[in-house]
Amino acid sequence: MKFQVQKSFDSQIQTGTLYLVATPIGNLNDMTYRAVQTLKDCDIIAAEDTRMTRKLLSHFEISPELLFSYHEHNKAASGPELIRYIIEGKNLALVSDAGMPAISDPGSDLVALAIEADIPVVTVPGANAALSALIASGLPTERFTFIGFLPRDKKDMQKVLEAVGYSQGTLIFYESPHRVLKTLTIILESYGNRNVVLARELTKRHEEYVRGSVQDCIDWLEENPPIGEYCVIVEGMSAEEEHTLQNEWWQNLELGQHVEHYENEGLSRKDAMKKTASDRGLSKRDIYNALLKEE
């Protein structure tokens, strides 16, 4: 990404600007005053599904100059055209079907194009399903990783789970109703029976949280067929588990072998001893003395 400084904006609409406008994830009362006003003031609104967005615009009596379709399958052609409109001085608001745009949708590509063209990008925040589910889950919120939708292929899914699952941070996934059971089964195989929360219909009348172990939630879904998209919140590793995993590779090495490993990676003898001491929770002097005895 090229170096760029974008100054903050006041509440006035800026000419030739891309606005990222959050929409409700279920309850229309979650639409902010600023979001409504921004959509009214913008010349063009780009939407993932124009049919869904028309209903929202109709409810708030918003009539844009142009409602433009922008989604995964047409972004290559539509993205540059939208950028051209903004360069010509039009103000464009990007919305998703629900929640924050550019999260698990092609909006991020449009943002990248705008930044490359030196177009100001302004966020109009609001509802977000992932964070709404996280803060009500009861699982730790200090550190978390948002993954979104997992790949469809099991092997690819396992690769992603392996890459993100070995830390203390809580994990957040999106999943469709016809795949959520499969996903939970693979999570159980990959991570064991961790605590998990299933959240659906957030902010709506039938909002539901299912909390328990992965197996508890699998059993629940087998008795209560999944309906609607889910936010799946998965507990991260404990500090003890993470420490054990990080240290597994050297557990069977003698001290000399451990130091030699780091020397082979290009560290000096001194730095290799320091790194070994850190791995084992010992002082550098302890390592030095132990190596003298081995010699």
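A quick note: this is a predicted structure, and the numbers were derived from the prediction, not measured.
Annotation for H71 and N74: closest pair N-OD1, 2.8 Å, computed over non-hydrogen atoms. Here the shortest heavy-atom pairing between K204 and I25 reads CE-O, 3.7 Å. Of all heavy-atom pairs spanning S78 and S69, the tightest one is OG-O, 3.6 Å.
With sequence neighbours left out, the side-chain contact (heavy atoms from CB on, under 4.5 Å) criterion links E175 to F149, R179, V180, T183, V232. In this structure, the side-chain contact (heavy atoms from CB on, under 4.5 Å) partners of R54, at least two apart in sequence or on a different chain, are L67. Remark: H261 engages W249 in a ring pair (Phe, Tyr, Trp, His ring centres under 6.0 Å) (not counting sequence neighbours). Take F60 and apply the ring pair (Phe, Tyr, Trp, His ring centres under 6.0 Å) test, not counting sequence neighbours, and it matches no residue. T170 pairs by the side-chain contact (heavy atoms from CB on, under 4.5 Å) definition with L134, L139, P140, F144, I233, not counting sequence neighbours. Residues forming a side-chain contact (heavy atoms from CB on, under 4.5 Å) with E263 (at least two apart in sequence, or on another chain): V259, E260, R269, A272.
Of the possible donor and acceptor atoms, none in the side chain of N195 sits under 3.5 Å from a partner among the backbone N and O of E235. Of the possible polar contacts, one joining the N91 side chain to the G16 backbone as a donor-acceptor pair under 3.5 Å is found. In this structure a side-chain-to-backbone donor-acceptor pair under 3.5 Å is missing from R194 to V214. Put simply, the side chain of D219 never gets that close to the backbone of D216: no donor and acceptor are under 3.5 Å apart. Judged purely by atom type and a 3.5 angstrom limit, Y70 uses its side chain to pair as donor or acceptor with the backbone of P106.
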Show your working on side chain to side chain contact (heavy atoms under 4.5 Å, CB included) between E65 and K90 and close with a plain yes or no. CA-CA 10 Å; E65 181 182 314; K90 300 292 186 181; 3.0 Å; yes
Could you walk me through whether L171 and Y191 pass side chain to side chain contact (heavy atoms under 4.5 Å, CB included), step by step? CA-CA 12 Å; L171 304 174; Y191 299 155; 3.7 Å; yes
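By the rule that hydrophobic residues join a cluster once side-chain heavy atoms approach within less than 4.5 Å of another member, V121 and L110 end up as members of one cluster. In terms of hydrophobic clustering, with Ile, Leu, Val, Met, Phe, Trp and Tyr side chains grouped at heavy-atom distances under 4.5 Å, I115 and Y85 are assigned to a common cluster. Transitive grouping of hydrophobic side chains (ILVMFWY, heavy atoms separated by less than 4.5 Å) keeps L188 and I172 in distinct clusters. Residues W220 and L202 are members of separate hydrophobic clusters, defined by side-chain heavy-atom contacts under 4.5 angstrom among Ile, Leu, Val, Met, Phe, Trp and Tyr. One hydrophobic cluster, built from ILVMFWY side chains closer than 4.5 Å, cannot hold both V234 and Y174; they sit in different ones.
Annotation for E61: atom CD does not count as buried by contact number, only 12 or fewer foreign heavy atoms lying within 6.0 Å.
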Show me, pair by pair, the donor-acceptor contacts under 3.5 angstrom made by side chains of residues 94-103, not counting sequence neighbours?
{"unit_1": "S96", "atom_1": "OG", "unit_2": "A98", "atom_2": "N", "d": "3.4"}
{"unit_1": "S96", "atom_1": "OG", "unit_2": "A98", "atom_2": "O", "d": "3.0"}
{"unit_1": "S96", "atom_1": "OG", "unit_2": "G99", "atom_2": "O", "d": "3.4"}
{"unit_1": "D97", "atom_1": "OD1", "unit_2": "D49", "atom_2": "N", "d": "3.2"}

Could you tabulate the donor-acceptor pairs under 3.5 Å formed by side-chain atoms of residues 152-162, not counting sequence neighbours?
{"unit_1": "D153", "atom_1": "OD2", "unit_2": "K155", "atom_2": "N", "d": "3.1"}
{"unit_1": "D153", "atom_1": "OD2", "unit_2": "D156", "atom_2": "N", "d": "3.2"}

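Listed by first and then second residue, the side chain to side chain donor-acceptor pair (under 3.5 Å) pairs that reach into residues 98-115 are K75-D109, sequence neighbours excluded. Applying the side chain to side chain donor-acceptor pair (under 3.5 Å) rule to pairs touching residues 110-119 yields K2-D118, Q4-D118, sequence neighbours excluded.
Grouped with M52 in a hydrophobic cluster is no other residue, since no side-chain heavy-atom contact under 4.5 Å to another Ile, Leu, Val, Met, Phe, Trp or Tyr is found. The hydrophobic cluster around I135 extends to none of the other residues, as no ILVMFWY side-chain heavy atom falls under 4.5 Å of it.
Here the two rings, on F173 and Y230, have centers that are 6.0 Å apart or farther.
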